[in-house]
Amino acid sequence: MSSRRSAFPLLVAISLLAVACSSPSASVSPSSSSIAASVSAEASASESAAPSDEASPSNEGSPAESVAPEPSDDELGAFSCDLPVDNSGTAPRAQITDVRVGSHPDYDRIVFEFVAEGGVDAIPPFSIEASEPPFLQDGSGRPIEVSGDEFLTIHLFGGTKRSPTGGVTYDGPTDFTDEMPRLDQLTESGDFEAVSTWIAGMHESDGCYRVTTLDSPSRLVIDLEH
């Protein structure tokens, strides 16, 4: 009987020691798999909270979006063979920022894009007239060869790619020779004293012309009917 009593405290002590030695930290510290799951969940939550590139406001006004959509033919009106075309524009001076050409099913298109000081919309005074060779460079008087059977001379009075401070606002092509159904060549004959002059050489046609000015951005659009 006394041996059982002496053994009982020993058993109790062993039991208490076993409980104390059991790992309570295991019930608090997550396993490596649970840590990985937690990190993955946090990363997913972070990615879903961040805005995508497509929805980011910083993408607004990117170069890919800077070119305004071309208006429909109904918005541009009818073609006319009445030349010359003279227009007083909306500002005495505007900087050329882009020149481009392109072909459409019924016409070829020439576009001059402008911006005035301060980045506001502005079209310089301009005239478009039928012309014949020989063509000479403004300022130097050197002859210019322009391909075509018919010709238009485009004068941009106060429309120039040279800024008042001596910089350049357009450094792209000034001679377009990709042959199109109507437009054969477009070339700059000079940019002198804030007057830019361009010659459009065309294939002979009974087609007429459509001249339009557009805003946002400011553009002079010349359509050459096939």
Side-chain angles (χ1 to χ4, degrees), residues 61-87 89 94-115 121-135 137-138 144-157 159-161 168-191 195-226:
S62 64
E65 299 173 356
S66 62
V67 177
E70 293 183 350
S72 66
D73 289 344
D74 292 338
E75 294 176 292
L76 292 175
F79 286 83
S80 172
C81 289
D82 293 337
L83 291 173
V85 175
D86 295 300
N87 191 295
Q95 299 299 135
I96 299 173
T97 57
D98 194 19
V99 181
R100 51 188 181 270
V101 300
S103 187
H104 294 254
D106 299 319
Y107 55 87
D108 296 336
R109 172 165 288 177
I110 301 169
V111 179
F112 295 94
E113 191 168 315
F114 306 95
V115 65
D121 276 346
I123 300 287
F126 65 86
S127 71
I128 302 169
E129 59 186 3
S131 56
E132 295 182 355
F135 300 111
Q137 287 184 346
D138 295 344
I144 301 173
E145 295 293 332
V146 183
S147 299
D149 305 305
E150 301 175 337
F151 303 90
L152 291 179
T153 296
I154 305 161
H155 298 286
L156 306 175
F157 302 105
T160 173
K161 64 180 185 291
V168 175
T169 57
Y170 171 69
D171 60 359
T174 56
D175 187 26
F176 299 85
T177 57
D178 293 339
E179 187 174 339
M180 300 180 188
R182 184 75 192 279
L183 181 64
D184 194 355
Q185 183 178 358
L186 175 70
T187 189
E188 182 191 61
S189 64
D191 192 331
V195 177
S196 180
T197 305
W198 297 72
I199 310 296
M202 302 171 292
H203 301 292
E204 188 173 2
S205 170
D206 294 330
C208 293
Y209 315 99
R210 181 170 58 193
V211 179
T212 312
T213 59
L214 304 170
D215 295 329
S216 301
S218 298
R219 286 158 288 160
L220 168 60
V221 179
I222 305 167
D223 291 334
L224 313 174
E225 191 175 26
H226 294 170

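Throughout, residue positions are numbered sequentially from 1 according to the sequence presented.
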Partner of S218 by side chain to side chain donor-acceptor pair (under 3.5 Å), out of T213, D121, T97: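 Testing each of T213, D121, T97 against S218, the sole residue satisfying side chain to side chain donor-acceptor pair (under 3.5 Å) is D121.
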
Of all pairs that satisfy ring-ring contact (aromatic ring centres under 6.0 Å, His included), the ones with a partner from residues 199-226, not counting sequence neighbours: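 Pairs touching residues 199-226 that pass the test: none.
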
Side chain to side chain, [X] and [Y], heavy atoms closer than 4.5 Å:
X: Q95; Y: T160; result: yes
X: L220; Y: V211; result: yes
X: P125; Y: N87; result: no
X: D223; Y: L76; result: yes
X: E225; Y: R210; result: no

Closest contact, heavy atoms only, S131 versus T153: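 Of all heavy-atom pairs spanning S131 and T153, the closest is OG-OG1, 2.7 Å.
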
Derivation of the side chain to side chain contact (heavy atoms under 4.5 Å, CB included) call for I199 and L152: CA-CA 6 Å; I199 310 296; L152 291 179; over 6 Å; no

Under 3.5 Å donor-acceptor, T169 side chain and I96 backbone: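 Confirmed, T169 side chain pairs with I96 backbone.
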
Main-chain N/O of P217 paired with D215 side-chain donor or acceptor, under 3.5 Å: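 Such a contact is absent between D215 side chain and P217 backbone.
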
Listed partners of F176 passing ring pair (Phe, Tyr, Trp, His ring centres under 6.0 Å), at least two apart: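 Listed in chain order: nothing, the list is empty.
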
Those residues that, when tested against F135, pass ring pair (Phe, Tyr, Trp, His ring centres under 6.0 Å) (two or more places apart):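 Partners of F135 under the ring pair (Phe, Tyr, Trp, His ring centres under 6.0 Å) test: F151.
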
Verdict with supporting geometry, E150 and R182, side chain to side chain contact (heavy atoms under 4.5 Å, CB included): CA-CA 10 Å; E150 301 175 337; R182 184 75 192 279; 3.0 Å; yes

Heavy atoms of other groups near D149 CG, more than 12 under 6.0 Å: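 Enclosed.
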
Check against side chain to side chain contact (heavy atoms under 4.5 Å, CB included), L186 and W198: CA-CA 7 Å; L186 175 70; W198 297 72; 3.9 Å; yes

R219 charged N/C atom sitting above F114 aromatic ring, 6.0 Å / 45°: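 No.
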
Check: S147/D184 side-chain N/O donor and acceptor closer than 3.5 Å: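 Not at all, the side chains of S147 and D184 share no donor-acceptor pair under 3.5 Å.
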
Aromatic plane relationship, F79 with Y107 - under 30° parallel, 30 to 60° tilted, over 60° perpendicular: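 Because their plane-to-plane angle lies in the 30° to 60° range, the rings of Y107 and F79 count as tilted.
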
Candidate pair V221 and I110, rule side chain to side chain contact (heavy atoms under 4.5 Å, CB included), full reasoning: CA-CA 6 Å; V221 179; I110 301 169; over 6 Å; no

